[in-house]
Amino acid sequence: MGRCPECGAWDSFEEEIQAKNRPSVRKGPAPQTAVSLGDLEAGSRASRLLTGIGEFDRVTGGGIFQKSILLLSGGPGIGKSTLTLQICHGLQERGGRVLYFSAEESSIQIKDRADRLGIHEGILVSNEERLDEILTMIISEETDLVVIDSIQTVYDTDLDAVPGTVSQIRNAMFRLREAAQRHGKTILVIGHVTKSGNVAGPMFMEHMVDVVLLLEGDDKNFWRVLRAKKNRYGSTQEIGVFTMEKEGLREVLNPSSFFIEESPFLSGSVMGSVMEGIRPIFLEIQALTSRSVYAMPQRVANGIDTRLMNIILAVLEKRLNFHLGQQDVFLNIVGGFRAQEPSIGLAVAMAVLSSLKNKELDRRDLFMGEVGLSGEIRNIPFLEKRIEEAAKLGFRRAFVPGKAESLNKKELEIIPCTTIHELAGKAFP
Ligand code: TYD
Ligand code: MG
């Protein structure tokens, strides 16, 4: 139409393609029939997509399981798009074909990032954000991996809701999953998480996918941890550690070296260990106790469960007669790591003791054990493995739960202790 009958303006009409006719995803093949369990194809036999990024491949359980749908979530600016582009590049170098939908950023921004990462060709990129068009392309293109960056920007024109709302996300996830299943596509969906750590567009997203990967870390720290929160095809125990560099994310092969600060050890600092999957990681725990000026002393724990801290403080108070009632206590894990297992308890107790007594410990001393309520030091899982690794990393002494005498190593002196009382005596002679 040349002239608008409404306002009288010339040439003001623009063509808009309506996406009312849904592509064939909805119809799909014939109804499913029931099959005997024995006739089903085993998962281990189905192939996986290796990306060549070792840390990522390990966290996914040996590569991306084909014909599955994955969710990669993390806070804004954490490096989801960067990691994803590197994954795409790895796949593509191994002969895979990748289709990358990025409604989040313009083609120029994507190109800039790719240039920074030294990735120049091969990956198919589209800025499409309408679901129907995306699905049509997914079905018609021959691809090994499809990326949706991010689910919050995709929308169905048939729905009234704006992009990013629960109904849009739920609908988009549902139809993407359907496409993955019916057409044998492998889809990686990127989703933002809110400040509280939940994937924006609540839990249902996690139920709808096969694998949920979280990329964590914070802007102040340049390392990033990738973990599987859910994995239908592998363990959720593994983590991948990266640093964010100028050239993108770089794998950290020996994370322990990373959480140990090289500055001199002052009072309040102690080395402890946690298991991440089958890998022991050694980290530095710092405690600071100081006379409180408040009626209610402060208790602040970074990276350690506050309840664990409170239990340990109570044990120290009751069993070792330390009066902590008027002391502020601050705890921190160097590097911003989170240690969620009880085996860190002994190190926490020693850090607090060291700060209270204002006596420094040696950086090459390692404290591993769970602290029981009566002050006993309890055994922890994978002690042997931790000791083995500690010996390799050059620790001098390891303070461990009582019954571990047999684990002695040439390079590493093992000091078994049964109670926190005994330990305090041995560590501070
Ligand atoms: P980005 O992958 O865009 O984060 P997300 O998709 O999770 O929002 O990257 C976030 C930050 O990473 C960005 O602010 C800049 C930084 N960065 C680097 O430090 N080095 C790099 O090579 C790239 C590509 C990004
Ligand atoms: Mg992004």
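Because only heavy atoms are used, hydrogens play no part in the values below, and waters and symmetry mates are left out as well, while side chains stay in.
With sequence neighbours excluded, the residues forming a side-chain hydrogen bond (donor to acceptor under 3.5 Å, both in side chains) with Ser81 are Asp149, listed by chain and number. With sequence neighbours excluded, the residues forming a side-chain hydrogen bond (donor to acceptor under 3.5 Å, both in side chains) with Asn358 are Ser267, listed by chain and number. Partners of Arg396 under the side-chain hydrogen bond (donor to acceptor under 3.5 Å, both in side chains) rule, at least two apart in sequence or in another chain, are Asp365.
Here the CG-CG distance, from Leu214 to Leu71, works out to 8.0 Å after rounding to the nearest 0.5 Å. Here CD of Glu178 is found 14.5 Å from NZ of Lys185. Values are rounded to the nearest 0.5 Å. Atom CD in Glu128 sits 10.5 Å away from atom OG1 in Thr153 (nearest 0.5 Å). Here the OG-CD1 distance, from Ser47 to Ile64, works out to 12.0 Å after rounding to the nearest 0.5 Å. In this structure, CZ in Phe367 is found 9.5 Å from CD1 in Ile377, a value given to the nearest 0.5 Å. Distance OG/Ser73 to NE2/His192: 10.5 Å, rounded to 0.5 Å.
Panel note: side chain Asp328, backbone Gln298; a donor-acceptor pair is recorded below 3.5 Å. Listed for the Glu129 side chain is no donor-acceptor partner under 3.5 Å among the backbone atoms of Tyr155. The main-chain N or O of Gly191 is never found under 3.5 Å from a side-chain atom of Gln152 such that the two would form a donor-acceptor pair. Using modelled atom types, no side-chain atom of Ser343 and backbone atom of Gly369 make a donor-acceptor pair closer than 3.5 Å. Side chain of Glu141 to main chain of Thr143: no donor-acceptor pair is present (N/O by atom type, distance under 3.5 Å, no hydrogens or angles). Panel note: side chain Arg319, backbone His421; no donor-acceptor pair is recorded below 3.5 Å. Side chain of Glu55 to main chain of Val241: a donor-acceptor pair is present (N/O by atom type, distance under 3.5 Å, no hydrogens or angles). Between the side chain of Gln109 and the backbone N or O of Ser107, no donor-acceptor pair lies under 3.5 Å. The closest donor-acceptor contact from the side chain of Ser354 to the backbone of Gly268 lies under 3.5 Å. Distance alone, capped at 3.5 Å, places no donor-acceptor pair between the Asn332 side chain and the Gln286 backbone.
Around CG of Asp115, the count of heavy atoms belonging to other residues, nucleotides or ligands within 6.0 Å exceeds 12. Environment of CZ in Arg397: crowded, with over 12 heavy atoms of neighbouring residues, nucleotides or ligands closer than 6.0 Å. Environment of CZ in Phe330: crowded, with over 12 heavy atoms of neighbouring residues, nucleotides or ligands closer than 6.0 Å. Counting non-hydrogen atoms of neighbouring residues, nucleotides and ligands closer than 6.0 angstrom, the CZ atom of Arg299 exceeds 12 such neighbours.
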Worksheet item: Between Leu226 and Ile239, is a side chain to side chain contact (heavy atoms under 4.5 Å, CB included) present by the stated rule, with each step listed?
Response: CA-CA 6 Å; Leu226 181 72; Ile239 64 163; over 6 Å; no

Fill in: Met309 and Thr306: CA distance, side-chain angles, deciding distance, side chain to side chain contact (heavy atoms under 4.5 Å, CB included) verdict
CA-CA 5 Å; Met309 171 178 70; Thr306 324; 3.8 Å; yes

Worksheet item: Hey, mind stepping through Thr51 and Asp57 against side chain to side chain donor-acceptor pair (under 3.5 Å) and telling me if it holds?
Response: CA-CA 7 Å; Thr51 65; Asp57 288 343; 2.8 Å; yes

Discussion item. Show, in sequence, the C-alpha distance, side-chain angles and deciding distance for Ile138 and His183, and conclude whether the side chain to side chain contact (heavy atoms under 4.5 Å, CB included) test is met.
Written reply: CA-CA 9 Å; Ile138 291 179; His183 301 269; over 6 Å; no

Practice prompt. Report the C-alpha distance between Asp305 and Arg307 in whole Å, list the side-chain angles of each, state the deciding distance to 0.1 Å, and finish with yes or no for salt bridge (Lys or Arg N to Asp or Glu O under 4.0 Å).
Written response: CA-CA 5 Å; Asp305 189 7; Arg307 272 168 306 176; 3.4 Å; yes

Discussion item. Under the criterion side chain to side chain contact (heavy atoms under 4.5 Å, CB included), I'd like the reasoning laid out for Leu283 against Val274: C-alpha separation, chi angles, the key distance, then a yes or no.
Written reply: CA-CA 8 Å; Leu283 14 94; Val274 290; 4.1 Å; yes

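Using a 4.5 Å heavy-atom cutoff, the side chains of Gln168 and Thr165 are in contact. In this structure, the side chains of Asp144 and Leu91 stay at 4.5 Å or more apart for every pair of heavy atoms. Side-chain atoms of Cys417 and Ile415, non-hydrogen and from C-beta on, do get closer than 4.5 Å to each other. Residues Thr243 and Arg224 have side chains not in contact (no heavy-atom distance under 4.5 Å, counting atoms from C-beta outward). Between Ile420 and Leu320, some side-chain heavy-atom pair lies under the 4.5 Å cut-off. Looking only at side-chain heavy atoms (C-beta outward), Val352 and Leu331 come within less than 4.5 Å of each other. Within the 4.5 Å cutoff, the side chain of Ile139 has no heavy atoms near those of the Thr136 side chain. Between Leu346 and Met368 there is no side-chain heavy-atom pair separated by less than 4.5 Å.
Salt bridge status for Arg175 with Asp156: present, with a side-chain N to carboxylate O gap under 4.0 Å. For the pair Glu206 and Lys230, the salt-bridge criterion is not met [side-chain N within less than 4.0 Å of a carboxylate O]. A salt bridge does not link Arg177 to Asp210: none of the charged side-chain nitrogens sits closer than 4.0 Å to a carboxylate oxygen. Salt-bridge check for Asp362 with Arg364: passed, with a basic side-chain N closer than 4.0 Å to an acidic carboxylate O. Salt bridge annotation for Arg116-Asp112: absent, with no cationic side-chain nitrogen under 4.0 angstrom from a carboxylate oxygen.
Between Ala228 and Thr236, the shortest heavy-atom contact is O-CB, 3.4 Å. In this structure, Ala349 and Val371 approach most closely via the heavy-atom pair CB-CG2, 4.4 Å. A pairwise comparison of heavy atoms in Ser102 and Ile110 identifies CB-CD1, 3.4 Å as the closest pair. For the residue pair Ala172 and Ile151, the shortest heavy atom distance occurs at CB-CD1, 3.8 Å. Closest of all the heavy-atom pairs between Gly248 and Thr82 is CA-CG2, 3.9 Å. When all heavy atoms are compared, the tightest approach of Gln86 to Glu247 is NE2-O, 4.3 Å.
For the salt bridge (Lys or Arg N to Asp or Glu O under 4.0 Å) test with Glu216, the passing option among Lys229, Lys80, Arg338 is Arg338; the others fail. Between Ser273 and the choices Glu389, Lys385, Arg386, the side chain to side chain donor-acceptor pair (under 3.5 Å) rule is met once, by Arg386. Here the options are Leu176, Ile187, Thr186, the test is side chain to side chain contact (heavy atoms under 4.5 Å, CB included), and the partner is Val146; only Ile187 passes.
If you look at Phe395 and Phe282, their ring centroids are closer than 6.0 Å.
Checked by atom type, the side-chain pair Thr419/Glu376 shows no donor-acceptor distance below 3.5 Å.
Cation-pi geometry between Lys357 and Phe428 is satisfied (NZ or CZ under 6.0 Å from the ring centre, within 45° of the ring normal).
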